[in-house]
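So the structure is just underneath, and the comments pick up after that.
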Amino acid sequence: MHGKIIFYEERNFQGRSYECMSDCADMSSYMSRCHSCRVESGCFMVYDRPNYMGNQYFMRRGEYADYMSMFGWNNCIRSCRMIPMHRGSYRMRIYERENFGGQMYELMDDCDSIMDRCHMSNCMSCNVMDGHWLMYEQPHYRGRMYYFRPGEYRNFSNMGFSNMRFMSMRRIMDSYF
């Protein structure tokens, strides 16, 4: 299944539009601003800075007529990444310290609070073995969110998350598509 997202310059799907069916590192060459979008299929992470940087937000199929007020953003979408559909198991190891140090806990399903479930006060690195995940700065899937695809993430501070504490995690399931 391929994803498709349409970006519009103005709120309520007005103005020039740009259709995207894959990753786009910098939308400025297609449009000067973006204030609404429609996800026709698939799931996407959108970012308020080019090159998949800055604040992130997960978008699934639906209409976002005024996403800036919905997300509480001051900036427009500047880049987007399509999230591939994953079928199969989900597995991620979270670590209390950088470089996979300290206490480790393996997750295979959603975790609404690492303090309650894993008895960890902090998560500073992780290894995503299977599936695609969203990690949130607050328990119960609240606050800023970040997308993690399979790979090793040894040091969140080096990734630009220096003041970030991840306190809950959720799988991006095929039911979102």
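Any value given below was found using the heavy atoms of this structure, including those in side chains, with hydrogens, waters and symmetry copies removed.
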Show your working on side-chain hydrogen bond (donor to acceptor under 3.5 Å, both in side chains) between Y8 and R38 and close with a plain yes or no.
CA-CA 8 Å; Y8 298 87; R38 179 180 287 124; 2.8 Å; yes
For Y52 and A25, indicate whether the former's side chain and the latter's backbone hold a donor-acceptor pair under 3.5 Å.
yes
Donor-acceptor check, side chain of N51 to backbone of M53, threshold 3.5 angstrom: yes or no?
no
Does the pair [X]/[Y] count as a salt bridge with the N-to-O cut at 4.0 Å?
X: R33; Y: E10; result: yes
X: R61; Y: E40; result: no
X: R78; Y: D48; result: no
X: R117; Y: D109; result: yes

Side-chain contact, heavy-atom cut-off 4.5 Å: R170 with Y136?
yes
Any V39 side-chain heavy atom under 4.5 Å of K4 side chain:
no
What closest approach, in Å, do [X] and [Y] show between heavy atoms, and which atom pair accounts for it?
X: C118; Y: I94; value: SG-CD1, 4.1 Å
X: R60; Y: C43; value: CB-SG, 4.0 Å
X: I77; Y: S79; value: CG2-O, 3.6 Å

Check the side chains of Y57 and R144 for a donor-acceptor pair under 3.5 angstrom, ignoring hydrogens and angles.
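There is no such pair (donor and acceptor under 3.5 Å, judged by atom type) between the side chains of R144 and Y57.
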Centroid separation [X] to [Y] less than 6.0 Å:
X: H86; Y: Y90; answer: yes
X: Y147; Y: H132; answer: yes
X: F7; Y: F13; answer: no
X: F148; Y: Y153; answer: yes

Please round to the nearest 0.5 Å and tell me the distance separating atom CD of Q56 and atom CG of L134.
8.5 Å
Is the F156 ring parallel, tilted or perpendicular to the F166 ring (thresholds 30°, 60°)?
perpendicular
Given the rule in the side chain to side chain contact (heavy atoms under 4.5 Å, CB included) test, do C126 and W133 qualify, once you have shown the distances and angles that lead to the verdict?
CA-CA 11 Å; C126 73; W133 297 75; over 6 Å; no
Where do R91 and E106 land on the salt bridge (charged side-chain N to carboxylate O under 4.0 Å, His left out) test, with the steps shown first?
CA-CA 7 Å; R91 202 161 59 114; E106 186 167 301; 3.7 Å; yes
